[in-house]
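Notes to accompany the following structure.
Keep in mind the model is a prediction, meaning the values are calculated, not measured. In what follows, chains carry the letters A, B, and so on, assigned in the order in which the sequence lines appear, proteins first and then strands, with residues in each chain numbered from 1.
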Amino acid sequence: MPSAIRFSGVSRHYGNVKAVDGVDMDIAEGEFFAMLGPSGSGKTTSLRLIAGFEQPTAGDIHIFGHVAQGLPPYKRNVNTVFQDYALFPHLNVRDNVAYGLMVAGQAKAERYRSAERALDMVALGGYGDRKPSALSGGQRQRVALARALVNEPKALLLDEPLGALDLKLREQMQEELKSLQRSLGITFIFVTHDQGEALSMADRVAVFNEGRIVQTGTPEDIYYRPEVPFVADFVGSSNVLPPEIMRDIRGVDAYGALRPEAVRRCDAGHDAWVRNVSFLGASTRVSMQVHGVAMTMLLPRGAEIPAVGSTIQVCWQQDDLHVMSR
Amino acid sequence: MTEQSAIMDRQGGLMGRLSDALWRKPGLLIFLLILPPALWLGIIYLGSLFALLAQSFFSVDEFSGLIQYEFTLKTYRELLRPSNFDIIIRTVVMAAAVTLGAAIIGFPVAYYAARYARGKWRAIFYLGVMLPLWSSYLVKVYSWKLILAKEGILNWLFETLRLGWLLNAYLAIPVIGGNSLSVSTTGTFLVFLYVWLPFMILPIQASLERVPLSMLEASGDLGARPAQTFRHVLLPLALPGVIAGSIFTFSLTLGDYIVPQIIGSSRRFIGQAVYAYQGTAGNIPLAAAFAVVPILLMAVYLWIAKRQGAFDAL
């Protein structure tokens, strides 16, 4: 598939602060790509580099084959949905959505027709006369989406677009965004710190940490086959086993990752001292100390719940213990 | 322990009881706090203003020079006499020019302060804008007289740069020129611009601070060139600040009578007319009628601004 966005050794340094530090990535056309990481990991700066709000201090950015550095935002055919939506408060919803077409010089009747169509697409038909201040958070989010999409961008950039919504609305919007992307077929690049969001929506995920990409792959790759302890911990909330323990139990000199749901109770296995038990609804999380390492286990409903402070036996399938490559 | 131990013993004394009473009736507290300024504004300020305005509906007997306390619009008709109407037009044009000039000069300064100045530079900005307000207004105006005088530094600068001919050509233009800058209408304009500029910069800066950066980025992202972003996003969002600043510069220029008296030509402004008619001329009705003009002008100006949606972004 042709490349939509390509980063080659891209850095963005502010003095001594390396916001983005030597990032390589290749986002394919039509892909739903998530940039995942904790705050300050460089994911938002990377998005801003694509949009043109920031310029790289080193490296090359290609957008649909064209060199992008030095190009201002208004000369890039990508559009952004901002974290705070950034709707213009002095314009009504229709004029907000039609803004991109207005500055492009399109006639009023024509751009209002396009704006109405875009509002229909996000299920906000008939809201054109309202001011953004009269809308709910979810509605503003949709207006921001319509305002970006009405320009028919080749790639849509979304900066934590669901961060300000409550849980129920967020789950609904996740599905809507996903189906919107499928029907439009354009590249979506999505920044989030929520691993669940990234895994459930994206075709591919890039995990950021300290200005660098530590792993890129499909959600399954990221979840089941983390390459570094950071990914195992941040994305899968997996148990990370240090090399010292992996040498004893597996005979390899590398980090291991073990998902909490793969751990179960058995009669003869590893000694585990139970530190805490939390009821989660569908399952129960048990925090334990195994070989001197903190570990968690998820027990399905109906399983026998160990007492806090007791010592139990735990096992796992050899295949479930993933050996990390780095 | 007694039953009342959960509640502290009452603070004794008059103050304690007063505090309790005010706590129970917050409306009373507000009333007591508002009363003195309301009396001041309502009676002393607005009252005397209306007393003055009422005078404008009286007239002066042309022979005896005595005020006739009868309702008449004769004084207002007098305002429309060419010699008086010229004063009004001259003042309005000057106030509009000063306002426009202050907005054009003030906007970039305010934008820099709101967007880029941080820490030390912010302090320097506030000091730079406010410092001129610390010294006496008269001192500033007289120092400008020295700057603009024929022997002043500005003239010297033009001569040194061998541009004296340019200044002389400019001063030869009727109406805005004169013998030297200090006795020209241009001089009056420059000094007005200087003394009222802080009143334009500060409100614009306050309104620009409330414009989030993402708003400007969104505009660029949607394809707007910087000039379009200024026209369609930044200016509308900053307009309440610009209007607030223009209310200051416009009304302060309309009412001032010291600057044009010290610097400029002998042609009079509204403030000077009011000063002259209420003083030696003893024509209080005409002075009052002149005083009504700036109030009406400001009312019309605000009404138009509101109609144009200047306060929509508030």
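- When heavy atoms are compared at a cutoff of 4.5 Å, A/Phe88 approaches chain B by way of both its backbone and its side chain.
- With a 4.5 angstrom heavy-atom cutoff, A/Arg48 touches chain B only via side-chain atoms.
- At a 4.5 Å heavy-atom cutoff, A/Leu157 makes no contact with chain B through either its backbone or its side chain.
- Heavy-atom contacts from other residues, nucleotides or ligands closer than 6.0 Å to OH of B/Tyr126 number more than 12.
- At a threshold of 4.0 Å, the pair A/Lys178-A/Asp203 counts as salt-bridged, since one of the basic side-chain nitrogens sits closer than that to a carboxylate oxygen.
- Between B/Phe230 and B/Phe107, the ring centre distance stays below 6.0 Å.
- Around the CZ atom of B/Arg307, the shell of radius 6.0 Å holds no more than 12 heavy atoms that belong to other residues, nucleotides or ligands.
- A cation-pi contact, defined as under 6.0 Å to the ring centre and within 45° of the axis, is absent between A/Lys43 and A/Phe208.
- Screening B/Tyr194, B/Tyr137, B/Phe189 for a ring-ring contact (aromatic ring centres under 6.0 Å, His included) involving B/Trp144 leaves a single residue, B/Tyr194.
- Using the six-membered ring where Trp is involved, A/Phe32 and A/Phe190 have ring planes that are tilted, between 30° and 60° apart.
- Proximity to chain B is limited to the side chain of A/Asp84, based on heavy atoms less than 4.5 angstrom apart.
- Taking 4.5 Å as the heavy-atom cut-off, the residues of residues 103-127 of chain A that approach chain B are A/Val103, ordered by number.
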